[in-house]
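Scroll down for the structure; my scribbles are underneath it.
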Amino acid sequence: MKDHTRKTQGSSGLKTVGLGCLVIIIAIGIGVGVVMNKVKKLGGMEGAGRAIAATGLLKITDAMLEGMHIPETDRTAIMAPLETLGDQVRAGEVTMQQGEAILGKIMEGPIMGVLMAQGFQGSYLDASSLTDAEKTEARLTINRFQQGFISEKLDMETLNQLEQYVTTPGSDGTNNLKAELSDEDLKSSLAVMKSAANGASIPLSETPIDLPGLFQKAIDSGLATAAATEPALTPVDAP
């Protein structure tokens with residue numbers, strides 16, 4: 001999907017995010033770029049630079065989660081491992097290289113697809129007029145869809161199949177996310193997810209998606225990657 005945006009209330013321009021992976025990547029990329037430029041102007045990952053990096057990236061992530069309509073309880077849980085990472089950055093225990101490796105794992109792994117599906121549920125399903133039984137079945141379908149990303153049997157291109165149901169042409173020639181979906185479009189979107197999960201042989205599961213665990217895994221994997229490529233890395237304050 002391209003240029004699919006949904007503006008949410010708040011002061012941060014980074015809250016202009018939605019299901020479209022390109023929009024989210026651009027929003028994060030711009031935000032990270034702004035933060036990193038400030039860090040460089042302050043002399044890198046030392047002192048004030050570390051504080052700017054930690055605070056700025058946490059704000060970007062929180063804004064992204066809010067813009068994707070991730071429930072508050074999930075947002076709080078997701079931010080926990082990132083808050084810990086932020087503390088490590090402030091303390092000089094995480095280098096610039098390590099931070100970049102972690103960001104790469106978050107962007108390249110299953111997290112974005114999983115979050116977008118979660119955002120679909122929060123934006124459209126929960127407030128819909130579907131019956132409780134239909135919503136229960138829909139959540140199982142969304143769970144299977146998310147498991148497909150976690151198992152790497154589905155990728156971001158799969159989300160393009162939802163475009164005809166969740167977007168509408170804007171006056172500027174771009175497509176925008178709909179504020180709400182009709183029951184017909186909602187059911188059609190769920191049918192796309194179910195078909196994709198069936199095609200990838202994703203089993204039915206009632207196990208909740210461990211969103212904080214996915215972020216922690218990305219953090220650990222990023223640190224391991226950095227260690228493998230830069231074995232001599234040491235904390236920035238080390239002599």
Side-chain angles (χ1 to χ4, degrees), residues 1 4 17-25 27-29 57 60-62 64-85 98-126 135-163 165-166 186 189-226 228:
M1 299 181 193
H4 304 162
V17 293
L19 277 175
C21 62
L22 181 61
V23 172
I24 291 176
I25 290 172
I28 296 174
L57 296 179
I60 289 170
T61 306
D62 191 50
M64 177 189 73
L65 296 175
E66 181 178 344
M68 295 173 74
H69 290 247
I70 304 301
E72 179 65 29
T73 52
D74 287 339
R75 292 217 316 270
T76 299
I78 289 169
M79 291 301 294
L82 297 177
E83 292 281 0
T84 299
L85 178 64
Q98 289 171 323
E100 290 175 350
I102 291 168
L103 271 176
K105 293 297 181 180
I106 291 175
M107 298 301 296
E108 296 167 7
I111 288 177
M112 287 300 157
V114 170
L115 285 178
M116 289 173 201
Q118 197 73 17
F120 175 92
Q121 177 174 311
S123 297
Y124 302 129
L125 176 64
D126 292 344
K135 286 182 179 180
T136 296
E137 182 178 354
R139 291 187 184 101
L140 290 175
T141 293
I142 292 172
N143 182 287
R144 290 182 67 206
F145 192 64
Q146 292 172 308
Q147 294 288 358
F149 285 98
I150 293 172
S151 63
E152 299 184 353
K153 293 181 179 180
L154 297 178
D155 57 33
M156 299 298 287
E157 289 299 318
T158 311
L159 290 167
N160 289 340
Q161 300 174 43
L162 299 173
E163 182 173 8
Y165 305 116
V166 302
L186 179 57
S189 298
L190 291 166
V192 168
M193 294 184 189
K194 185 174 183 178
S195 177
N198 287 343
S201 300
I202 308 300
L204 182 66
S205 173
E206 295 185 0
T207 303
I209 302 296
D210 181 11
L211 292 171
L214 287 176
F215 274 89
Q216 186 63 60
K217 184 176 180 180
I219 291 170
D220 293 341
S221 180
L223 291 174
T225 296

Could I get the full list of side chain to side chain donor-acceptor pair (under 3.5 Å) partners for [X], not counting sequence neighbours?
X      : answer
Ser205 : Thr207
Asp220 : Gln216
Ser201 : none
Glu206 : none

Enter the distance from [X]:[atom1] to [Y]:[atom2] here, rounded to the nearest 0.5 Å.
X      : Y      : atom1 : atom2 : value
Ile202 : Leu154 : CD1   : CG    : 5.5 Å
Met79  : Leu85  : CE    : CG    : 10.0 Å
Leu214 : Met112 : CG    : CE    : 11.5 Å
Glu137 : Leu204 : CD    : CG    : 9.5 Å
Ser189 : Gln161 : OG    : CD    : 11.0 Å
Lys194 : Thr141 : NZ    : OG1   : 6.0 Å

State, to 0.1 Å, how close [X] and [Y] come at their nearest heavy-atom pair, and which atoms those are.
X      : Y      : answer
Ala197 : Phe145 : CB-N, 4.5 Å
Gly222 : Ala101 : O-CB, 3.3 Å
Val166 : Tyr124 : O-OH, 4.0 Å
Ala200 : Lys153 : O-CD, 3.4 Å
Ile78  : Pro81  : O-CD, 3.1 Å

With distance as the sole test, does Ser151 use its side chain to make a donor-acceptor pair with the main-chain N or O of Gly148 at under 3.5 Å? yes

Any donor-acceptor N/O pair, Ser123 side chain to Gly119 backbone, under 3.5 Å: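 Indeed, once roles are kept as given, a pair shorter than 3.5 Å links the two residues.
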
Could you work out, with side chain to side chain contact (heavy atoms under 4.5 Å, CB included) as the rule, every residue matching [X], not counting sequence neighbours?
X      : value
Lys135 : Leu125, Ser128, Leu130, Arg139
Asp155 : Glu157, Thr158
Lys105 : Ala218, Ser221, Thr225
Gln118 : Ile70, Asp74, Gln121, Gln146, Leu211

Worked check of side chain to side chain contact (heavy atoms under 4.5 Å, CB included) between Ile209 and Ile150: CA-CA 9 Å; Ile209 302 296; Ile150 293 172; 4.0 Å; yes

Ring pair (Phe, Tyr, Trp, His ring centres under 6.0 Å): pairs with one or both residues in residues 195-223, sequence neighbours excluded: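 Counting only pairs at least two positions apart or across chains, no ring pair (Phe, Tyr, Trp, His ring centres under 6.0 Å) contact touches residues 195-223.
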
Heavy-atom distance under 4.5 Å between the side chains of Leu190 and Phe120, does that happen here? yes

Identify, with sequence neighbours excluded, every residue that meets salt bridge (charged side-chain N to carboxylate O under 4.0 Å, His left out) alongside Arg144. none

